[in-house]
Engineer: 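Please see the structure below; I have some questions.
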Amino acid sequence: MAKKPITQSDNATVHDEKLHRGNGGELHQFAEDGHPVLTTAQGGPVADDQNSLRVGARGPLVVDDFHFREKIFHFDHERIPERVVHARGYGAHGYFETYESLAAYTRADLFQRAGEKTPVFVRFSTVAGSKGSSDLARDVRGFAVKMYTKEGNWDLVGNNIPVFFIQDAIKFPDLIHSVKPEPDRDFPQAQSAHDTFWDFISLTPESMHMIMWVMSDRAIPRSLRFMEGFGVHTFRFVNAKDVSTFVKFHWKPKLGLQSVAWNEAVKINGADPDFHRRDLWQSIQSGNFPEWELQVQLFDQDFADSFDFDVLDPTKIIPEEILPPQPVGRLVLDRMPDNFFAETEQVAFMTQNVPPGIDFSNDPLLQGRNFSYLDTQLKRLGGPNFTHLPINAPKCPFHTFQQDGHMAMRNPVGRANYQPNSFGEGPRESPLQGYRHFPAEEQGEKVRLRSESFADHYSQARQFYISQTPPEQRHIAAALTFELSKVETTPIRERMVSHLLNIDETLASTVAQKLGFQSMPKPADAAMPTRQDLEPSPALSIVERGPKRFEGRKLGILVTDGVDAKLLKALGEAITKEKAVFELIAPKVGGVTASDGTLVKAHHMIDGGPSVLFDAVAVLTSSVAMDDLVKEATARDFVADAFQHCKFIGYDRSALPLLEKAGIADALDEGVLALPGDDGLAAFVEKLGKLRVWGREPSVKLGKASLPIKP
């Protein structure tokens, strides 16, 4: 029997039943099971996404299978070229809130009104490694902030270190070529501990200040939330009267600074190579929004002329004790991207993106960056219209005559796509509202040279080193020793030690002895002698600027069957009250049965939750479970590593056999505390705010100090 033909009215009814209008007014077609209908990129509904179109059940594919063609075509082109530098990145959305008007210094709209909130997207990154490298590589961290202001996007593209390796952008390709995998062997990945990097550095004295930072704990931060950010360069604020004030930008984490030990970083990379991005994700998803304060160092030309170093030199800082930064606003990250590729991977930062009221200095590295970044984005994102991508597009109204090109998503409308025109169409320039560069007077010959004011390469390197606490100085020496021990070419090691002699003789001698030098080289030739009169700057020390509280940190609690239910609950409450978090580690991830018979679920099994993932640990066990626990090598490592890494350890009395097996029972110090303790759990949590027991380190890691080698 023939089916009844579908009339035009019937077809309209069927069609209407399948279509629903979305929140944005768009129409969505739904399949029989209630899910949206799969379509091609052109919007055509797909009937079968499981099988290619072919001749017969076992025959060849046919060329008119447009759905397969489109699907495989797009898959083949899913990957865009990764960034040459800063490839491994992670981003988040948030806002910047201005404290008070800065109209006296800048006409930038976002700084005109107290309480002004500006949407932002921030991307953190490592520099040297590929997208697939680990988070805890010893490396500079990118700290790039895109602010969607009412006068266009402002990209403050900085790092977590306020200086850089080189003074002139023309050397940037050489620097990056040297630190990338060596071209004949294509390794090591995301590591600077190899010949070509240190060859370049040892031949580039201007890098010595940066090397002190990179060999310090600044290069292995505990969390993206616990690191500073810097604009690196000297910029200008320009007010409505075209008066210029020099400015340096600092992002200060509200939760304080914190880093990890190198041995800890190596083990974290093995346990969780996504450690930093997981930490940021979990923090934002749980509502513990990371926050930084924007502080600025403001100074005029007279200060610049009188300062000991050239403010245009990107290898120099202005110590905070000389010019205290002023708080001007706060940055809050409160939302993760909806899609990593569309936002974090496709976001395009460019130092030349500035709104009216923010201008550049003649820092040669900054000038080179302004020239370079556009080329980078054109290469990565395929054409000139990368600004059409939502993550890059301004959130304020914008009007241009730019048209066509690869992937153009919008074009000018009307008859005239040029200006001036006779038709009254299109936008026009505005001398009053538009961007005006500061009218600096420039004169001089067109030459290739380096200013003599850039010639002191060692004084601030020395200042940084003497500003560190003894544990931090030991870490710098250990990092230099490790890195140079991987250098196979002896003259490179010797050249580096000759530079260190211009920074600190004890540091140089320590590194030389650890490397097995039989005699010391002569100090490197210096264009200017190292100044000995620069005072230590406590602001340069992580330990001196530590948080003094456990807020935002994580306690790992190792538990077993029979754990004291009341003690576990009370400890969890004390940690939560401190605005910190805790996670439970157990022999089985399913959890344990507490002393009151309740099932306590665990976040990790022992093999997957080593103590390196936590800021402090506690061991809450029971006598009945101890016989099995002490046989677990990972349980012994949990305690031994925490002790070696100078962390606070809390334990109940039943855990003493595990401490003995871990080899620390005879070395208990003020950082290994019995719980609940005489003063209760609140006192234990308060002590955790110190984060580390640095006095323990020489006995567990470095041993006795080595004697200097005689020249």
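Here the structure is a predicted model, which is why all the values come from computation and not from measurement.
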Engineer: Would a 4.5 Å heavy-atom cut-off, applied to side chains only, mark Glu70 and Thr40 as touching?
Structural biologist: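 Side chain of Glu70 against side chain of Thr40, heavy atoms only: contact under 4.5 Å found.
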Engineer: Quick one: pull up CG in Leu255 and CZ in Arg225 and give me the separation to the nearest 0.5 Å.
Structural biologist: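 Answer rounded to 0.5 Å: 6.5 Å.
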Engineer: Determine, step by step, whether Asn411 and Gln403 satisfy the side chain to side chain donor-acceptor pair (under 3.5 Å) criterion, reporting the C-alpha distance in whole Å, the side-chain angles of both residues, the deciding distance to 0.1 Å, and the verdict.
Structural biologist: CA-CA 5 Å; Asn411 265 349; Gln403 69 171 45; 5.8 Å; no
Engineer: Please assess Gln297 against His250 for the test side chain to side chain donor-acceptor pair (under 3.5 Å), listing each intermediate value before the final yes or no.
Structural biologist: CA-CA 8 Å; Gln297 289 178 301; His250 302 243; 2.9 Å; yes
Engineer: Is it true that Lys254 and Glu551 have a side-chain N and a carboxylate O under 4.0 angstrom from each other?
Structural biologist: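 Salt bridge: no.
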Engineer: Using side-chain heavy atoms (C-beta onward) and a distance below 4.5 Å, is Lys150 in contact with Glu116?
Structural biologist: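 Lys150 vs Glu116: side chains touch.
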Engineer: For side chain to side chain contact (heavy atoms under 4.5 Å, CB included), just list the numbers for Arg549 and Glu578, CA-CA rounded to whole Å, side-chain angles, deciding distance to a tenth of an Å, and then say yes or no.
Structural biologist: CA-CA 8 Å; Arg549 64 190 189 281; Glu578 190 66 12; 4.0 Å; yes
Engineer: Got a sec: does the CZ of Phe371 have more than 12 other heavy atoms crowding it under 6.0 Å?
Structural biologist: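 Counting other residues, nucleotides and ligands, CZ of Phe371 stays at 12 neighbours or fewer.
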Engineer: Hey, is CD on Gln285 packed in by over 12 heavy atoms from elsewhere, all under 6.0 Å?
Structural biologist: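 Yes, the 6.0 Å shell around CD holds more than 12 heavy atoms from other groups.
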Engineer: For residues Ser223 and Asp279, is any side-chain donor paired with an opposing acceptor at under 3.5 Å?
Structural biologist: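 Yes, side-chain donor-acceptor contact under 3.5 Å.
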Engineer: Apply salt bridge (charged side-chain N to carboxylate O under 4.0 Å, His left out) to the pair Lys647 and Asp615, showing each step before the final yes or no.
Structural biologist: CA-CA 7 Å; Lys647 295 179 181 178; Asp615 300 291; over 6 Å; no
Engineer: Give me the atom names and distance for the closest heavy-atom approach of Gln112 to Ala108.
Structural biologist: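 Here Gln112 and Ala108 meet closest at NE2-O, 2.8 Å.
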Engineer: Could you pull out all donor-acceptor pairs under 3.5 Å where a side-chain atom in residues 120-128 meets a protein atom, sequence neighbours excluded?
Structural biologist:
from: Arg123; atom 1: NE; to: Thr344; atom 2: O; distance (Å): 3.2
from: Arg123; atom 1: NH1; to: His86; atom 2: O; distance (Å): 2.8
from: Arg123; atom 1: NH2; to: His86; atom 2: O; distance (Å): 3.1
from: Arg123; atom 1: NH2; to: Ala87; atom 2: O; distance (Å): 3.2
from: Ser125; atom 1: OG; to: His86; atom 2: ND1; distance (Å): 2.7

Engineer: Can you list the steps and then say if Arg436 with Asp359 is a salt bridge (charged side-chain N to carboxylate O under 4.0 Å, His left out)?
Structural biologist: CA-CA 9 Å; Arg436 299 191 302 273; Asp359 205 346; over 6 Å; no
Engineer: Please report the shortest heavy-atom distance between Arg692 and Glu264, naming the atom on each side.
Structural biologist: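 Result for this residue pair: NH2-OE1, 2.8 Å.
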Engineer: Please name the residue in the list Arg369, Lys248, Gln367 that meets the side chain to side chain donor-acceptor pair (under 3.5 Å) test with His233.
Structural biologist: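 Testing each of Arg369, Lys248, Gln367 against His233, the sole residue satisfying side chain to side chain donor-acceptor pair (under 3.5 Å) is Arg369.
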Engineer: Answer whether the closest heavy-atom distance between the side chains of His276 and Tyr90 falls below 4.5 Å.
Structural biologist: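 With C-beta onward as the side chain, the pair stays apart.
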Engineer: Is it true that atom NZ of Lys554 has more than 12 heavy atoms of other residues, nucleotides or ligands lying nearer than 6.0 Å?
Structural biologist: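 Yes, the 6.0 Å shell around NZ holds more than 12 heavy atoms from other groups.
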Engineer: Which atoms form the tightest heavy-atom contact between Val685 and Ala574, and what is the distance?
Structural biologist: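 Smallest heavy-atom distance, with atoms named: CG2-CB, 3.8 Å.
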Engineer: Could you walk me through whether Lys71 and Asp49 satisfy the salt bridge (charged side-chain N to carboxylate O under 4.0 Å, His left out) test, starting with their C-alpha distance in whole Å, then the side-chain angles of each, then the deciding distance to 0.1 Å, before giving a yes or no?
Structural biologist: CA-CA 10 Å; Lys71 186 175 180 180; Asp49 189 45; 3.1 Å; yes
Engineer: For the residue pair Val214 and Phe165, what are the closest heavy atoms and their distance?
Structural biologist: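 So the two residues come closest at CG2-CZ, 3.8 Å.
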Engineer: Side-chain polar contacts of residues 334-341 - donor-acceptor pairs under 3.5 angstrom, sequence neighbours left out - could you list them?
Structural biologist:
from: Arg335; atom 1: NH2; to: His93; atom 2: ND1; distance (Å): 3.4
from: Asn339; atom 1: OD1; to: Phe341; atom 2: N; distance (Å): 3.1
from: Asn339; atom 1: OD1; to: Ala342; atom 2: N; distance (Å): 2.9

Engineer: For Ser134 and Asn269, which heavy atoms make the closest approach, and how far apart are they?
Structural biologist: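 Closest heavy-atom pair between Ser134 and Asn269: CB-OD1, 3.1 Å.
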Engineer: Describe, in one word, how the ring planes of Tyr435 and His437 are oriented to each other, choosing from parallel (under 30°), tilted (30 to 60°) and perpendicular (over 60°).
Structural biologist: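 Correct class here is perpendicular.
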Engineer: With Arg553 as the cation and Phe226 as the aromatic partner, state whether NZ or CZ is under 6.0 Å from the six-membered ring centre and within 45° of the axis.
Structural biologist: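 Yes, Arg553 and Phe226 form such a contact.
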Engineer: Rounded to the nearest 0.5 Å, what's the gap from OG on Ser372 to CE on Met350? Could you check?
Structural biologist: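 Reported to 0.5 Å precision, the distance equals 11.0 Å.
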Engineer: Evaluate the criterion side chain to side chain contact (heavy atoms under 4.5 Å, CB included) for residue pair Tyr373 and Asn353; output intermediate values, then yes/no.
Structural biologist: CA-CA 10 Å; Tyr373 276 54; Asn353 285 352; over 6 Å; no
Engineer: Decide salt bridge (charged side-chain N to carboxylate O under 4.0 Å, His left out) for Glu293 and Lys252; before the verdict, give the C-alpha distance in whole Å, the side-chain angles of both, and the deciding distance to 0.1 Å.
Structural biologist: CA-CA 5 Å; Glu293 188 169 67; Lys252 302 288 187 181; over 6 Å; no
Engineer: When Phe237 is tested against each of Phe299, Tyr105, Phe111, Phe360 for ring pair (Phe, Tyr, Trp, His ring centres under 6.0 Å), which residue passes?
Structural biologist: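 Going through Phe299, Tyr105, Phe111, Phe360 one by one, the ring pair (Phe, Tyr, Trp, His ring centres under 6.0 Å) with Phe237 is satisfied by Phe111 alone.
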Engineer: Going by atom types only, do Glu583 and His604 share a side-chain donor-acceptor pair under 3.5 Å?
Structural biologist: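 Checked: Glu583/His604 side chains pair up, N/O donor to acceptor below 3.5 Å.
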Engineer: Check the surroundings of atom CZ in Arg428: do more than 12 heavy atoms from other residues, nucleotides or ligands lie under 6.0 Å from it?
Structural biologist: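 Count over threshold, so yes.
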Engineer: Does Glu345 come within less than 4.0 Å of Arg380, counting only side-chain N to carboxylate O?
Structural biologist: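 Here Glu345 pairs with Arg380 in a salt bridge, since their nearest N and O are under 4.0 Å apart.
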Engineer: Supply the atom-to-atom distance Met147 CE to Tyr95 OH, rounded to the nearest 0.5 angstrom.
Structural biologist: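 Met147 atom CE to Tyr95 atom OH measures 13.5 Å (nearest 0.5 Å).
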Engineer: When you look at CD of Glu100, are more than 12 heavy atoms from neighbouring residues, nucleotides or ligands closer to it than 6.0 Å?
Structural biologist: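 No - once you tally the heavy atoms of other residues, nucleotides and ligands closer than 6.0 Å, there are 12 at most.
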Engineer: Find the distance between CD1 (Ile220) and CZ (Arg141) and round it off to the nearest 0.5 Å.
Structural biologist: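 Rounded to the nearest 0.5 Å, the CD1-CZ separation comes to 8.5 Å.
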Engineer: On a heavy-atom basis, which atom in Arg218 and which in Ala539 lie closest, and how many Å separate them?
Structural biologist: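 Minimum heavy-atom contact is NH2-O, 3.5 Å.
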Engineer: As a test of understanding, state which of Phe230, Trp154, Trp292, Phe96 forms a ring pair (Phe, Tyr, Trp, His ring centres under 6.0 Å) with Phe249.
Structural biologist: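 Going through the options one by one, the only one that passes is Trp154.
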Engineer: Which value, rounded to the nearest 0.5 Å, describes the distance between Phe275 atom CZ and Leu136 atom CG?
Structural biologist: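 Result: 6.5 Å between the selected atoms.
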Engineer: Below 4.5 Å, heavy atoms only, C-beta onward: do Leu691 and Phe550 meet side chain to side chain?
Structural biologist: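 Leu691 vs Phe550: side chains touch.
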Engineer: Which is it for Gln258 and Asp217 under the side chain to side chain contact (heavy atoms under 4.5 Å, CB included) test, yes or no, and what are the steps along the way?
Structural biologist: CA-CA 9 Å; Gln258 185 182 346; Asp217 294 343; over 6 Å; no
Engineer: Run the side chain to side chain contact (heavy atoms under 4.5 Å, CB included) check on Arg88 and Ser130 step by step: do they pass?
Structural biologist: CA-CA 6 Å; Arg88 183 168 180 81; Ser130 67; over 6 Å; no
Engineer: Tell me, yes or no, whether the heavy-atom count around Gln433 atom CD, taken from other residues, nucleotides or ligands under 6.0 Å, exceeds 12.
Structural biologist: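 For Gln433, atom CD is not crowded (no more than 12 foreign heavy atoms under 6.0 Å).
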Engineer: Within a radius of less than 6.0 Å around NZ of Lys579, do more than 12 heavy atoms belonging to other residues, nucleotides or ligands occur?
Structural biologist: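 Atom NZ in Lys579 is not crowded, with 12 or fewer foreign heavy atoms closer than 6.0 Å.
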Engineer: Roughly how far apart are Ser259 OG and Glu472 CD, rounded to 0.5 Å?
Structural biologist: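 Answer for the OG-CD pair, Ser259 versus Glu472, is 8.5 Å.
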Engineer: Using a 4.5 Å cut-off on heavy atoms from C-beta on, say whether the side chain of Ile318 contacts that of Val311.
Structural biologist: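 SC-SC contact between Val311 and Ile318 confirmed.
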